[in-house]
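Note that the coordinates shown come from a computational prediction; the quantities given were computed from them, not determined experimentally.
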Amino acid sequence: MSIADFLAGVHPWTRLSMTDLSAVSAVIEPHSIAAGAAIYHAGEPLQGLYIIRSGEVEVTDADGAPLSSLGPRNVFGERGLMRDGTALTNARAVTATDVLVLPAVYFRAMIDDDAALRDFFARSRPPRALQRSLTQTPVADLMSRTPKSVSPDTTLAEAAMMMRDARISSLMVVEDGALCGILTIRDISARVVAERLDPGAPVSRVMTVDPVTLSPDAIGSDVLHLMMERGIGHIPIVGDAGLAGVITQTDLTRFQAESSSEIIRDAARAPDADALADITRRIPKLLAQLVGAGQRHDVATRLVTDIADAVTRRLLALGEAHLGPAPVPYLWLACGSQGRREQTGVSDQDNVLMLSDDATADHDTYFGNLARFVSDGLDHCGYVFCPGDMMATNPRWRQPVRVWRRYFQGWIARPDKEAQMLASVMFDLRPIGGDHSLYAGLQAETLAAAARNSIFVAHMVANSLTHSPPLSLWRGLSTVRSGEHRDRIDLKLNGVVPIVDLGRIYALRGQLTAVNTRARIEAAQTAGIISASGARDLLDAYDLIAQTRLDHQAIQVRGGEAPDNFMAPATLSDFERSHLRNAFVVVRTMQSALAQGRGLP
């Protein structure tokens with residue numbers, strides 16, 4: 001078989017015409033390598049891109065840990081060529097092997113001229129054409145940066161004239177340099193004109209005190225969701241330096257994020273759990289629409305998680321209306337995928353309650369009933385009970401702050417297997433509803449204590465390595481061997497979870513407060529916990545694996561099936577399987593680096 005005929009069956013050259021294949025084969029150099037001989041070592045200049053024609057090649061990382069075993073039609077060496085031309089791994093012929101080498105100069109010329117080939121060797125799918133939407137737009141790009149402000153003792157008449165003259169609908173009320181309230185045209189109409197209040201009264205009589213705010217790093221959909229949930233039209237933007245701007249309904253362009261916003265608006269008004277369940281039944285269709293519209297996985301999962309947050313807060317409000325006001329302050333927090341803002345079409349519930357240290361044993365009846373009301377409501381809405389009982393209905397996870405502080409201290413001091421598991425879950429906590437001040441400082445305090453304990457960190461690293469990518473040395477991708485999901489890949493447990501675990505360890509080592517996996521990896525790169533190239537590789541791998549998972553679920557939804565995490569590799573093309581396998585190799589490489597960094601025996 002000629003080289004051109006051979007390449008015609010090898011991705012990505014299958015898309016080339018025979019004329020182009022002949023041109024490529026004319027510059028390819030065939031080599032025969034003896035069994036056991038090294039092809040290259042990490043750190044050496046690469047001759048070019050290697051294509052296996054026959055035989056078997058073992059690829060190991062720089063420390064000699066095995067990464068994969070490659071056979072005919074597999075390619076290798078592309079990662080180093082895409083960077084600086086230096087090998088990032090070791091390659092050795094296991095048996096007598098024939099390889100084809102496309103010289104580096106021709107490889108670079110080829111990917112410079114052909115975007116599809118460049119995307120293939122970059123191990124990421126060609127980017128989908130996306131319009132910039134609220135889900136991709138920072139609040140800082142939407143807000144008015146010079147909001148008009150007044151002091152609390154400004155008269156209502158003066159404030160009204162300022163709004164009229166400036167043609168604005170709100171004024172920020174600032175005292176001693178800090179935002180203390182907001183006054184809107186609606187306030188003037190409903191609280192001043194309608195009630196015939198003295199126009200000489202100060203704005204402090206009418207303003208909304210301590211209004212809800214967002215930070216400049218929020219995104220446009222955060223604004224829209226908050227407005228829909230709270231029924232407000234103005235949100236001040238407050239950063240570390242104080243009031244940074246204000247954003248109104250008229251600042252927002254409602255497209256793509258509007259569907260999720262409508263669901264959130266309906267959830268915020270739902271009269272009971274039955275109505276909420278009707279609303280959440282729209283989520284799978286929304287997920288399929290988001291994927292079909294080309295939304296990135298992290299955008300889609302953020303929007304889906306926003307709905308879960310709104311449903312939880314509505315259930316908390318309904319619970320308080322049913323049971324009466326809480327006897328002491330409390331905070332409902334989510335962990336797991338909701339805590340990380342990574343929910344897909346398949347999600348159970350993971351939640352805890354933190355109570356004020358003023359709580360007594362007598363108060364537990366109320367909070368136990370509240371937890372049961374909310375947890376039952378979430379289950380009714382499709383967020384099924386946690387199989388591990390990681391829920392606020394469990395008294396263990398419904399405790400005063402002082403007890404939670406003791407929990408974290410104990411897990412760090414005595415990192416047995418249960419402590420490792422619980423700490424992994426709890427490091428993903430995110431406040432959802434209640435008094436957020438109860439959690440203030442606890443996360444940073446716990447991260448600092450954990451990072452100082454090298455034994456705890458080592459145990460957490462070991463625990464994170466228990467989830468392996470589904471790589472098979474012989475068949476490319478390993479699948480579930482028995483049961484109803486036989487011959488399928490678990491894209492959650494063996495796909496995204498290993499990357500979630502890596503992100504959590506990076507956050508622990510760097511004392512990074514980010515909870516979202518992608519944000520953790522980016523923050524780890526910024527903090528120097530991982531290299532820029534390692535971060536890029538891992539983010540590319542994460543994006544591909546997570547997107548494949550969402551695409552799989554969207555296909556199921558469109559087919560009238562309940563979404564799950566189990567995908568048959570046969571449903572992918574050779575092109576897609578090659579990308580996916582390469583992504584899993586990146587994850588295994590990063591796991592190996594993490595293991596070596598902690599000094600595994």
Side-chain angles (χ1 to χ4, degrees), residues 58-71 74 76 79 88-90 123 336-337 340 342 388 417 420-421 423-425 427-428 457-483 485-509 517 520-521 524 530 534-535 537-549 552 564-569 572 576-601:
E58 179 189 52
V59 178
T60 62
D61 67 15
D63 296 313
L67 293 176
S68 58
S69 179
L70 306 177
N74 285 146
F76 59 101
R79 288 183 62 206
L88 302 177
T89 58
N90 305 309
R123 296 180 313 281
S337 60
R340 298 189 304 273
E342 295 166 2
K417 286 191 175 181
Q420 296 166 35
M421 183 274 293
S424 294
V425 173
F427 278 129
D428 294 348
V457 174
H459 279 280
M460 287 290 290
V461 169
N463 185 61
S464 74
L465 299 178
T466 59
H467 300 115
S468 300
L471 288 170
S472 166
L473 291 179
W474 306 110
R475 292 173 298 186
L477 294 171
S478 64
T479 58
V480 178
R481 295 185 178 181
S482 60
H485 302 302
R486 183 180 177 183
D487 297 330
R488 286 171 168 77
I489 298 171
D490 187 338
L491 288 172
K492 177 182 178 181
L493 189 62
N494 301 114
V496 298
V497 167
I499 306 173
V500 169
D501 289 341
L502 285 169
R504 190 182 297 116
I505 294 299
Y506 298 150
L508 174 60
R509 283 185 163 176
T517 297
R520 280 172 164 169
I521 296 171
I530 52 176
D537 279 351
L538 190 55
L539 286 171
D540 284 348
Y542 180 48
D543 288 343
L544 179 57
I545 296 166
Q547 193 68 53
T548 300
R549 181 191 183 197
H552 164 71
D564 63 27
N565 294 303
F566 299 92
M567 183 196 69
L572 301 176
E576 292 171 315
R577 279 198 300 274
S578 179
H579 278 318
L580 191 59
R581 191 182 191 284
N582 283 336
F584 289 137
V585 168
V586 169
V587 178
R588 179 171 286 181
T589 301
M590 297 301 287
Q591 287 183 323
S592 176
L594 184 66
Q596 295 298 323
R598 76 178 183 89
L600 282 174

Which value, rounded to the nearest 0.5 Å, describes the distance between Leu477 atom CG and Leu572 atom CG?
8.5 Å

Once rounded to the nearest 0.5 Å, what's the spacing between atom OG1 of Thr517 and atom CD of Glu342?
3.5 Å

For the residue pair Val457 and Arg509, establish whether any side-chain heavy-atom pair is separated by less than 4.5 Å.
yes

Contact list for residues 457-471, test salt bridge (charged side-chain N to carboxylate O under 4.0 Å, His left out), sequence neighbours left out:
none

Donor-acceptor pairs under 3.5 angstrom involving side-chain atoms of residues 487-500: please list them, not counting sequence neighbours.
residue, atom, partner, partner atom, Å
Asp490, OD1, Lys492, N, 3.0
Asp490, OD1, Leu493, N, 3.0
Asn494, ND2, Ser468, O, 3.0

Nearest heavy-atom neighbours spanning Val480 and His485:
CB-O, 3.3 Å

Tell me every residue that passes side-chain hydrogen bond (donor to acceptor under 3.5 Å, both in side chains) with Ser464, counting only those two or more places apart in sequence or in another chain.
none

Side chains of Asp564 and His552: is there a donor and an acceptor less than 3.5 Å apart?
yes

Side-chain touch Gln420/Thr466, heavy atoms, less than 4.5 angstrom:
no

With rounding to the nearest 0.5 angstrom, report the CZ to CZ distance, Phe566 to Arg549.
10.0 Å

Arg486: what forms a salt bridge (charged side-chain N to carboxylate O under 4.0 Å, His left out) with it, not counting sequence neighbours?
none

Distance from Tyr506 atom OH to Ile530 atom CD1, nearest 0.5 Å?
5.0 Å

Using a 3.5 Å distance criterion without hydrogens, assess whether the side chain of Ser592 forms a donor-acceptor pair with backbone atoms of Arg588.
no

When you measure from the side chain of Gln591 to the backbone of His467, do you find a donor-acceptor pair of N or O atoms at a distance under 3.5 Å?
yes

Would you give the length of the straight line joining atom CG of Asp540 to atom CD1 of Ile545, rounded to the nearest 0.5 angstrom?
11.0 Å

Considering residues at least two apart in sequence or located in another chain, which fulfil the salt bridge (charged side-chain N to carboxylate O under 4.0 Å, His left out) criterion with Asp543?
Arg296, Arg518

Using the test side-chain hydrogen bond (donor to acceptor under 3.5 Å, both in side chains), find all partners of Arg504 that sit at least two apart in sequence or belong to another chain.
Asp428, Asp501

Run the side chain to side chain contact (heavy atoms under 4.5 Å, CB included) check on Val586 and Asn582 step by step: do they pass?
CA-CA 6 Å; Val586 169; Asn582 283 336; 5.8 Å; no

Any chance you could measure Arg577, atom CZ, to Thr548, atom OG1, to the nearest 0.5 Å?
12.5 Å

